[in-house]
There are 2 protein chains.
Amino acid sequence: MRVTIRDVARAAGVSVTTVSRALNGAQDVGEETRQRVIEVAKQLNYRPSHVARSLVLRKSQNIGLLVSDFRKGGHHFLYDVLVGVHDTLAEYGYDVTLVSTDTARQQLVSYVDFCRARGLDGVIVTGIRLDDPYVEEVVESTLPSVVIDLPLLSRHCGYVMTDNVNGARYAVRRLVSRGCRRIGFVNGAAHAAVSRERLRGFEEAVRQYVGVYDDRLVVYGDFTLEGGQRALAELLARAPDVDGVFFASDLMAIGGLQHCRAAGIRVPEDLAVVGFDDIDLARFVTPALTTIAQPRYEMGCEAAKMLVHMLEKGEMPSGTLLPPQLVVRETA
Amino acid sequence: MRVTIRDVARAAGVSVTTVSRALNGAQDVGEETRQRVIEVAKQLNYRPSHVARSLVLRKSQNIGLLVSDFRKGGHHFLYDVLVGVHDTLAEYGYDVTLVSTDTARQQLVSYVDFCRARGLDGVIVTGIRLDDPYVEEVVESTLPSVVIDLPLLSRHCGYVMTDNVNGARYAVRRLVSRGCRRIGFVNGAAHAAVSRERLRGFEEAVRQYVGVYDDRLVVYGDFTLEGGQRALAELLARAPDVDGVFFASDLMAIGGLQHCRAAGIRVPEDLAVVGFDDIDLARFVTPALTTIAQPRYEMGCEAAKMLVHMLEKGEMPSGTLLPPQLVVRETA
DNA sequence: TTGCGTTTCCAAAACGTTTTCGGTTATAGT
DNA sequence: ACTATAACCGAAAACGTTTTGGAAACGCAA
């Protein structure tokens, strides 16, 4: 059936030991036998079994991508992260298998046990929140992991996220440079770590660039389109003189845009708007949304890179912030 | 280190054979010992090694998701398919590992060898085209596979795709019911299988619903935004009297919308438009795009289901068409 | 007592690798 | 000629499971 190392050994007239050595580039095998083995292996189209190899080596060259909100129609975010992770992991010779918290939960096992049963060497965690029951597991477990978009740091757990405070700063700087002086902030869910950071950046920046900070100008829209509409309406009711607003997500910003159209508010003349994320939609809505782009793909790459460094070089996990980028379109 | 079946056996005072049997629900083990073994296993938090199991069983309960255009910012299509695949595969107890044609190609192995080396039980193939070098491999190989969005059928290879000809029919039916009589078609890339089918559906439907068919009303925009703009311009130049147009993708349709705005054409009053895909953007552009929705998630589910039926029940692969759905918004 | 079937259990082989430890040559040094 | 060293190679154990082919114990009929 399958062609094994034994078949190659037989065909090449050597032992399996020698075949293994020859193919893996070990040193103590004669150059001519090595060539012969390689030749024979190619002839037979021999592919070493990753499974057998994993068993004996006790590592699988396989890492899990844990996603905790794996829903259809879901996250614009996840896809780019996923291909970033896959690309760089493939480069390092690792496979990636999908792990959903739902299926783990359904089987009543912790996700760590889930990964261990499959012999995964490590895991990249996406989509979890501060109040998630999983965060404890992530930081406690000895399974090497790196978390995306949540600052969790421990002996075996690093993180990578975008520099949210600077992102927020860029946003208000842009608004100020366009002449805005009363700047509002529609933040996302209050318990999200990113919300806290964006708020901090926002506050720092308005203190620095406009001088006076008024915390009644921040409202919450919990990251949804409708939330954005509602929040902007509330903000405007509270302070009709705001001339610019920063939304903590593009989706909310688009909701805000819809409110503006309905209310006859001209964007950007009456009200300048900048979002956060740079989702696909942003360039297509009218007026096109200026926003702070998150380096989604790069976050995936960086997370993957950190994980294999931990695995192969024994590096300590760390926290890395990736720079966001202002992309200027029509709304500010 | 790791707790193995041997540890459980020792702790329960039985042989490993008995532990294996007890845990896997085999018949010849006493009820009381079974309970004891289960109890001990739980106590020790024992998880059978999937790797070891795969080795001896010669199947991994792991299937590959082959994607051939895995790029950042990529396919809206892929994500939903992916979660559909993952969801139903998880239900059946399978894992899914990502396989990109790029990495396989980079390692100079056929993707089948790639999968075999990893012991994957089967593979779901997405994103390949008729002129792809992989199609031969897919149909020839004995690795069970099911292809999404390309009608490839052989001994070990089935497919699932959306019913494109009916999708096209729905589109023109809608257009006709709004009073359109001169209907144009902006098709995608000519070599794509889906393009052929949509064209067929288009022609059949206009023959049926409006009577006269004019093949000068079909142009090609190769699935891009710019292509859609260009193609619509060309179509309008060729036949200024068209009052409705069906685009073979939402992206092209949106391009068309942009052209209309630039040219001062009112949609849907002067020109009715229906797209294909129902991408996220569709509901956000103005006017909101009427379109034919593809059941992306369901395609993933269906593909997964077919594959495990092939694997577990020895069913023959088949071709299944999933019904698309007209979603009416503002452009038609 | 013997024979036979059932039930419950186990020892050992197998799956396809890597690696340890040692063995055989050939080469070189005295 | 004898030893020391190096270079090359192989037998066998290990990784953690499942499964095969019996074996022990027991009951029951002859």
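In what follows, every heavy atom counts, from backbone to side chain, and hydrogens, waters and symmetry copies are set aside.
No hydrogens or angles considered: a donor-acceptor pair under 3.5 Å links the side chains of E31(B) and Q35(B). A donor atom on one side chain and an acceptor atom on the other are not found under 3.5 Å apart for R53(A) and S20(A). Side-chain polar atoms of T142(A) and R116(A) form a donor-acceptor pair below 3.5 angstrom.
Here dC9(C) presents its P atom at 13 Å from CD of Q35(B), a figure rounded to the nearest Å. The interatomic distance linking K59(A) (NZ) with dG16(D) (C1') rounds to 18 Å, in whole Å. Separating the CG atom of N24(A) from the C1' atom of dG16(C) is a distance of 13 Å, rounded to the nearest angstrom. Distance CZ (R6(B)) to P (dA13(D)): 14 Å, rounded to an integer number of Å. Straight-line distance from the CG atom of L55(A) to the P atom of dT18(C): 12 Å, rounded to whole Å. The distance between atom CG of L44(B) and atom C1' of dG16(D), rounded to the nearest whole Å, is 15 Å. Atom CD1 in I5(B) sits about 12 Å away from atom P in dC10(C), given to the nearest Å.
Within 4.0 Å of T17(B), counting heavy atoms only, lies at least one base atom of the nucleic acid. Looking at heavy-atom distances under 4.0 Å, V14(B) makes contact with sugar-phosphate atoms alone, never a base. No contact: S54(A) has no heavy atom under 4.0 Å from any strand. S20(A) comes within 4.0 angstrom of a base, heavy atoms only.
Listed nucleotides dT18(D), dC9(C), dC15(D) differ in distance to V16(B); the shortest reach to its side chain belongs to dT18(D). Relative to the side chain of R2(A), the nucleotides dC9(D), dT17(D), dT17(C) differ in distance, and dT17(C) lies closest. Out of dC21(C), dT19(D), dG16(C), the shortest distance to the side chain of L57(B) is found at dT19(D). In the set dT17(C), dT18(D), dC9(C), the nucleotide with an atom closest to the side chain of A52(A) is dT17(C).
Each of T33(B) and Y46(A) lies near DNA chain C, and the nucleotide nearest T33(B) is the one positioned closer to the 5' end. Comparing D28(A) and G30(B) by the nucleotide of DNA chain C whose heavy atom lies nearest to each, the residue mapping closer to the 5' end is G30(B).
A sub-4.0 Å separation between OP1 or OP2 of dT17(D) and a side-chain N or O of S49(B) is absent. At least one side-chain nitrogen or oxygen of R53(B) sits closer than 4.0 Å to the OP1 or OP2 atom of dT18(D).
Considering only heavy atoms from C-beta on, D163(A) stays 4.5 Å or farther from P323(A) through its side chain.
For a distance-only test at 3.5 Å, the side chain of R47(B) fails to qualify as a donor-acceptor partner of the base of dG16(D).
Relative to the six-membered ring of F114(A), R118(A) meets both conditions, a distance below 6.0 Å and an angle of at most 45° to the axis.
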